[in-house]
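Inspection log for the structure reproduced underneath, given as structure tokens.
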Amino acid sequence: MKDNADTNVLDVAIIGAGLGGLCMAIRLLEAGTRNFRLFEKSRGVGGTWYENRYPGAACDVPSHFYCFSFEPNPDWTRVYSAQPEILRYIEQCFDKYDVRPHVEHDREVLRLELDESASLWTVHFRNSAPVRARHVVNAGGGLHKPRWPDIPGSSSFAGVRVHTAQWDESLSLSGKRVAIIGSAASAIQIIPVIADEVRDLTVFQRTPNYIAPRHDGDYSPFVRRVFRRLPTLARFHRWWIFNRLDTFIYPLVKRRWLRRLLAFRVNRHMRQSIDDRNCHRALTPDYELGCKRILISDDLFDTLNREHVRLVTNPIIGIEAEGVRSSDKELHRCDVLIYATGFDLAGHFASIDVVGAGGVRLAELWSDGEVGYNGCCVAGLPNYWMMSGPNTAVGTTSVIFMLEQITRYVATLIASTGPGELRQVRQTVQDRYNKQLQDELGGTVWASGCDSWYLTDSDRITTLYPGSARRFRRQLEQPDMEDFMLVGNT
């Protein structure tokens with residue numbers, strides 16, 4: 001699709017200036033399309049990595065695989081990069097590929113409405129005039145809207161309350177009594193970092209997690225210099241990471257004997273690392289490895305061994321002015337209360353009111369759970385594309401790898417749709433795809449019976465993709481145009 005003379009109508013409106021929006025913008029520029037905008041609700045680019053700034057925030061995918069394949073970074077300083085370094089990489093990509101001029105900040109999208117007669121979407125914002133576009137690409141990620149648990153008395157706390165997803169960088173924890181609610185991904189990153197600073201630290205755990213060694217480390221200046229001078233070697237290193245994840249980690253999803261073997265090794269590592277034997281049982285999960293997210297850390301257990309750090313596994317019954325009350329009636333006094341309780345993914349999907357063909361709303365189409373086709377489109381919403389739609393989340397590869405496949409696929413669909421045309425996936429194709437998807441997901445560890453956020457109230461899995469990274473790449477290599485229809489055509 002080339003630039004259109006009508007400057008009042010965008011060819012493409014992209015929601016979000018994170019990794020997905022950036023990747024889509026680069027694809028469009030490569031195709032010669034410049035009549036597009038990225039609408040970003042915040043004041044910076046980077047999405048998840050702009051929003052999440054809590055101490056210790058880092059990626060759990062190796063650095064050389066957590067970057068675009070077309071823009072490798074030989075200068076990663078660590079095997080697993082921290083938030084500041086990832087954000088710098090993203091900002092450099094925005095500059096190098098000249099995407100910044102296409103970004104408009106403080107533009108929170110509230111509603112999308114299709115005008116079928118004009119074959120245009122109208123994009124409505126919170127505090128500015130609407131715009132019209134032929135295509136909408138929703139590249140908003142799900143790891144930014146915090147989930148605040150409903151705990152009695154939360155508003156009565158007299159100290160400072162903060163969520164890891166909305167960190168106050170001016171907050172000082174020096175000499176403070178700190179309590180953390182949550183013990184999963186963000187918690188195990190922040191706990192070791194703040195332990196040296198605080199007076200005492202209380203960690204409230206609801207459910208134990210499988211926590212494997214991270215095996216983090218530095219890339220020395222010599223190694224970085226070699227990667228710069230021998231880019232082929234850096235590409236091989238990336239390929240090695242990809243294959244290790246896809247060949248040795250992905251099979252955990254479907255092979256029970258492999259999960260049991262790894263669970264034994266992970267639990268043994270925990271028992272060897274924790275000094276207090278009374279904690280061993282509390283830290284041992286009673287569900288299959290992989291049913292919930294597998295976590296990685298090199299320093300959490302050492303931190304839990306410290307005298308001023310305490311693990312509480314009794315349920316929280318309420319929050320009071322001076323601290324947190326557990327079910328054994330003990331009041332755990334604190335000055336700062338940190339919520340490491342994850343993200344509201346359901347709220348993320350429902351945050352924009354999308355009104356498609358015939359006035360149908362996305363909320364209605366998803367009333368029984370999120371469904372789509374290839375994770376990037378929904379029947380009834382022509383010319384509406386997603387970067388992180390239903391069943392695209394993964395735990396055994398890099399989300400950036402997934403985004404690259406989706407952007408290539410969507411860019412092809414956009415290029416094949418002429419002015420005035422509306423293209424959407426056929427309902428029968430979407431139904432068949434989702435039946436196959438759910439049938440396969442039923443045989444994965446995610447359906448093995450634990451209480452996880454992966455499962456909907458109807459026991460469907462609408463977030464995760466059940467296949468390998470290689471399979472997803474083959475699946476989205478080229479759109480089958482027979483799977484799609486022009487609205488009004490049969």
Side-chain angles (χ1 to χ4, degrees), residues 51-57 83 143-209 211 274-285 292 295 297 299-344 347 451 453:
E51 300 285 349
N52 288 269
R53 296 167 176 260
Y54 60 87
Q83 177 267 341
L143 303 183
H144 63 90
K145 186 178 176 63
R147 184 177 70 84
W148 294 87
D150 186 15
I151 301 175
S154 294
S155 60
S156 66
F157 182 60
V160 176
R161 289 197 316 153
V162 63
H163 197 287
T164 53
Q166 294 178 332
W167 192 257
D168 180 0
E169 294 182 276
S170 68
L171 175 64
S172 172
L173 300 178
S174 179
K176 302 288 181 61
R177 298 170 300 176
V178 177
I180 296 181
I181 298 177
S183 60
S186 55
I188 69 170
Q189 291 184 343
I190 194 173
I191 289 168
V193 175
I194 66 173
D196 283 335
E197 185 179 359
V198 304
R199 172 179 158 189
D200 57 63
L201 180 60
T202 305
V203 180
F204 292 90
Q205 172 189 277
R206 184 178 64 175
T207 306
N209 297 282
I211 304 175
I274 292 291
D275 296 337
D276 185 354
R277 292 190 169 209
N278 295 324
C279 286
H280 290 178
R281 184 179 296 275
L283 289 167
T284 303
K292 295 176 182 284
L295 308 179
S297 175
D299 46 13
L300 175 69
F301 296 143
D302 288 340
T303 304
L304 292 179
N305 286 332
R306 302 179 67 171
E307 290 185 3
H308 72 298
V309 179
R310 182 184 181 192
L311 179 69
V312 176
T313 59
N314 291 315
I316 295 172
I317 61 173
I319 295 176
E320 303 175 14
E322 294 184 347
V324 181
R325 181 84 62 178
S326 54
S327 61
D328 59 356
K329 307 303 182 184
E330 181 177 355
L331 177 63
H332 305 270
R333 301 178 187 277
C334 58
D335 307 307
V336 179
L337 184 54
I338 299 173
Y339 288 79
T341 49
F343 303 94
D344 180 8
D451 179 20
W453 63 269

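Excluded from the calculations below are hydrogen atoms, water molecules and symmetry mates; all remaining heavy atoms, backbone and side chain alike, are included.
Residues V198 and V336 fail the side-chain proximity criterion, which asks for heavy atoms closer than 4.5 Å. When side chains are defined from C-beta on, Q166 does not count as touching Y339, because their heavy atoms never get closer than 4.5 Å. With a 4.5 Å cut-off on side-chain heavy atoms, W167 and I338 count as touching. Taking the side chain as every heavy atom from C-beta outward, I181 and I151 approach each other to under 4.5 Å. Residues Q205 and L311 have side chains in contact (heavy-atom distance under 4.5 Å, counting atoms from C-beta outward).
The backbone N or O of T341 sits less than 3.5 Å from a side-chain atom of R147, completing a donor-acceptor pair. Counting only distance, with no hydrogens or angles, the side chain of K145 and the backbone of A165 share no donor-acceptor pair below 3.5 Å.
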Listing, residues 186-196 side-chain donor-acceptor contacts under 3.5 Å, not counting sequence neighbours, or none:
unit_1, atom_1, unit_2, atom_2, d
Q189, OE1, Y54, OH, 2.6
Q189, OE1, A58, N, 3.2
Q189, NE2, A58, O, 3.0
D196, OD1, R306, NH1, 2.7
D196, OD1, R306, NH2, 2.8

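Atoms CZ and CG, on R281 and L283 in that order, are 12.0 Å from each other to the nearest 0.5 Å.
Residue D328 qualifies as enclosed at atom CG: its count of foreign heavy atoms under 6.0 Å is above 12.
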Exercise for the section: Check the pair I180, T202 against side chain to side chain contact (heavy atoms under 4.5 Å, CB included), reporting the backbone distance first and the verdict last. Expected result: CA-CA 6 Å; I180 296 181; T202 305; over 6 Å; no
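For S172, the side-chain contact (heavy atoms from CB on, under 4.5 Å) partners two or more places apart in sequence, or in a different chain, are S174, E197. Qualifying salt bridge (charged side-chain N to carboxylate O under 4.0 Å, His left out) partners for R310, counting only residues two or more places apart in sequence or in other chains: E330. For S156, the side-chain contact (heavy atoms from CB on, under 4.5 Å) test picks out no residue, with sequence neighbours left out. Taking D335 as the reference, R177 meet the salt bridge (charged side-chain N to carboxylate O under 4.0 Å, His left out) condition, with sequence neighbours excluded.
Sorted by first and then second residue, the pairs that involve residues 300-334 and meet ring-ring contact (aromatic ring centres under 6.0 Å, His included), not counting sequence neighbours, are F204-H332, H269-F301.
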